[in-house]
Amino acid sequence: MKTNTDVSKALASKLSPVALAVAMTVPAISNIAVAQEAEATEEQQFEAITVTATKRPQVIYEVPIAISAFDGDKLADQGITDLTDVGKFVPNLNVTGFSAGHTSSVNPFIRGIGLQDHLITTDPGVSVYVDGVYLGRQVGQNWSLNNIERIEVLRGPQGTLYGRNSIGGAINIITKEPDQGDVTKINTEFGTRGRVKADLFVNHGLSETVAFNMNLAFNKRDGLGEFINVPNAEYDVGETEDISGRVSLKWEPSNDFRMVLTADANNGDGGLRPYTVLIDEVPTGRYYTGIDGNGDPIPSGPLRNTDVIPTGTDRYDNATSTEAVTGVSNEARGLSLTTEWDINDDYTAKVVASQRTSKYKAGLDDDGTAFSLDQFPERGEADQTSIELQLNGYINEYTDFVTGLYYFNEEGSNRQGDDSNFNGGPNLLQLDQETTSKAVYLNMRHDLTDDLSVSGGIRYTEDEKDASANVFGPLGTISDSNDWNEVTWELATNYTFDNGLTGYATIQTGYQGGQYPARPYFLISEFADEGGFGALGSGDQVALEAAVNAVVSDNDFKATDNITATNYEIGLKGRFTEYLDMSISIFNTEYENLPVQFSETTESGFITRVIPTKQTSRGIEWDGTLSLGQFSLQGSVGFIDVDVDEVVNSDGAILADVAPLTPKWTVAIAPSYEFELGDGSSIRARIDYSWRDDMYGEPLSAPERMTKLESRELVNFDIAYTPANDAYTVALYGRNIFDERYDNARLNTNDYILQILSNDASEFGVRFSTEF
């Protein structure tokens, strides 16, 4: 086994000086801690986390997949306040969020699979669940992680138990369930950049059979720039303000039956996400030349970078004069009912039913200037209903199973228009889609011996989508329907060695239904090719009707084929020594018909194209915890090599050759030490370091595209004091203490480059928590 020193040296060529300083300090600190805590017992060192990744309670070592779990009570110590922060500490996970300029969007990428868009016709490749309920939309998913029981990140396709859009993996958020304990928790934060955060959690037993808990939270942070041409803008650039609440009621009339009813809501408001527009870097584009795709002058004439960032302003300022795009908002409401019935000692039935609604307002001013050229204020909404019926239990003392039926329905829409412009003229986007998904699954595990077990699963899924688009008034609404089905399966084996370590080997498959075009402005080009604009100009109704009929009858508004994934993985996990808990996995995943998404502007508008390709992702992941009494060290390393079959257009130009927003290396290191004072009080000090390698903002690595995102390293610290009676904890914290500014994404449209800036500036403050 490699020592910490070996690992540090191996990574030396990949890490910056700050990273090396942290990494090379680890062995020295570890040696000191070994000397101080040599007599610590194993029970004092570790507490194995119980997870429900396979929809059955298991110690994390027993799960035959790569999984990272976070204890909800320790999230604040790590500087984790939302899902974006989780992406800093899991190997081969990168969480970004830039959809429509929103500040509360979540776009997780696991092992090279994710989604860069947010429109209703797109589906994520990584699914997010809250208490077993799948969240269909990404805007508004950047949950404030208050009073969470735990978070589980499942890496690799989860095609049997989590079949809904999980070809890359799944993220499970498990909240705290009501119980009979009476407790009140108050957490507050006050910090730089106007940070004000407070949440209240109350759990109370109302009777011997009824209990409830409640969580109310407020979170506010100032922006990073100003809207210099909109003096009355309600919010600054990047400013956020969120109010959320959650109430759960549990009824448990007997030891065999329990029901939990939960209602949650959140409202978020703020300013447009920080971004800038690079114009000079694309001298052939219409902004720079002042000529549109038809050879006509654009209304604002030639533009330059100085129009986006005028002299004397900061790149985090925004020069738009369109008030409608300065503010963003999102709101969500959810209701879920979970019912469990222990039929007997061997069988348990469970029903999870949920109804959720969400809506948002966002949008970008693509030219980024004071001119009313390309601005796309946007609104969207979605309503979803899901029901899952599970039956799990034991066939005999050696065999257990989980089986279920799943139903999901979502209706949603996106709207641009009225205050939306392209090339200074009116712009229209009306997307609607209804999705219905049905599935049946079975997963079984059998113990061949005390040390060896095998498991397998199978799932049959049917998806149906009805979609429509209106992008041009004379064409009207164009509709299409499609359906898909797929059988996914899994085979796995676990073996427990004499030293307690668990080795596993797994073959998993995953599936995702096809997707409709997100911005089908190519329909306007087809209308033009049929002579539609000439007919409009001459008033020839016969020719106009013929052009419309030709486009509608051809109907190129079509969905892609099934997306499938097959993952081969082996791993080893468990307690390697008395002091070291760790896991390591090696994987190879093959994808078929994976949609490659790229955007460009044409004479018709801003078009997002989707082209299927093949992709192979292979890599290795390690994470672990070294615990030496009062000293502990958490760490993770991920490496991935992604091979994308080149996508080439009719002219032979390469359109895609890499996986976007996927760093080759991911590293996290977090040492902590607890000092016990003479009066029984304690001070806990922790540093969290995370590093993400270079990556690309689009699926093309050509240097002339200029979409490479430089590597980033983020450092947090937390120093907490707790008195002897545990009455409260007060802490000094710092997040992104070196004020690392980085690109969240980059998109080259052939006319300009959208450079989405991070909203993750440094922050220092005080947090206080108490429980009574």
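Heavy atoms only: backbone and side chains are in, while hydrogens, waters and symmetry mates are out.
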Is any NZ, NE, NH1 or NH2 atom of the basic residue among E621 and R155 found under 4.0 Å from an Asp or Glu carboxylate oxygen of the other? yes
Contacts of type side-chain contact (heavy atoms from CB on, under 4.5 Å), residue V237, not counting sequence neighbours: F227, P274, N318
Name all residues meeting the salt bridge (Lys or Arg N to Asp or Glu O under 4.0 Å) criterion together with E410; count only those two or more places apart in sequence or in a different chain, and write none if there are none. R137
Residue list, salt bridge (Lys or Arg N to Asp or Glu O under 4.0 Å) with R379, at least two apart or on another chain: none
May I ask you to decide if the ring planes of F639 and W665 are parallel, tilted or perpendicular, using 30° and 60° as cut-offs? tilted
Residues in ring-ring contact (aromatic ring centres under 6.0 Å, His included) contact with F70, at least two apart in sequence or another chain: none
Measure the CG-CD1 distance between N588 and I620 for me, rounded to the nearest 0.5 Å. 13.0 Å
Holding to salt bridge (Lys or Arg N to Asp or Glu O under 4.0 Å), I want the full list of residues that pass it with D743, two or more places apart in sequence or in another chain. R746
Considering residues at least two apart in sequence or located in another chain, which fulfil the side-chain contact (heavy atoms from CB on, under 4.5 Å) criterion with V282? T284, I753
Sequence neighbours excluded, which residues qualify as ring-ring contact (aromatic ring centres under 6.0 Å, His included) partners of F408? Y134
With side chains defined as the heavy atoms from C-beta onward, is the minimum distance between E698 and R705 less than 4.5 Å? yes
Y129 six-ring centre to R164 NZ/CZ under 6.0 Å and within 45° of normal: no
Is there any salt bridge (charged side-chain N to carboxylate O under 4.0 Å, His left out) pair reaching into residues 559-570, and which pairs are they, with sequence neighbours excluded? R111-E569
So, using salt bridge (Lys or Arg N to Asp or Glu O under 4.0 Å) as the criterion, who are the partners of D623 when residues are at least two apart? none
With sequence neighbours excluded, tell me which residues meet side-chain contact (heavy atoms from CB on, under 4.5 Å) with T506. P64, E490, A492, Y504, Q508
Side chain to side chain, N219 and T240, heavy atoms closer than 4.5 Å: no
Just to verify, what does Y516 make a ring-ring contact (aromatic ring centres under 6.0 Å, His included) with, not counting sequence neighbours? F557
side-chain contact (heavy atoms from CB on, under 4.5 Å) partners of E592, counting only residues at least two apart: T564, K614
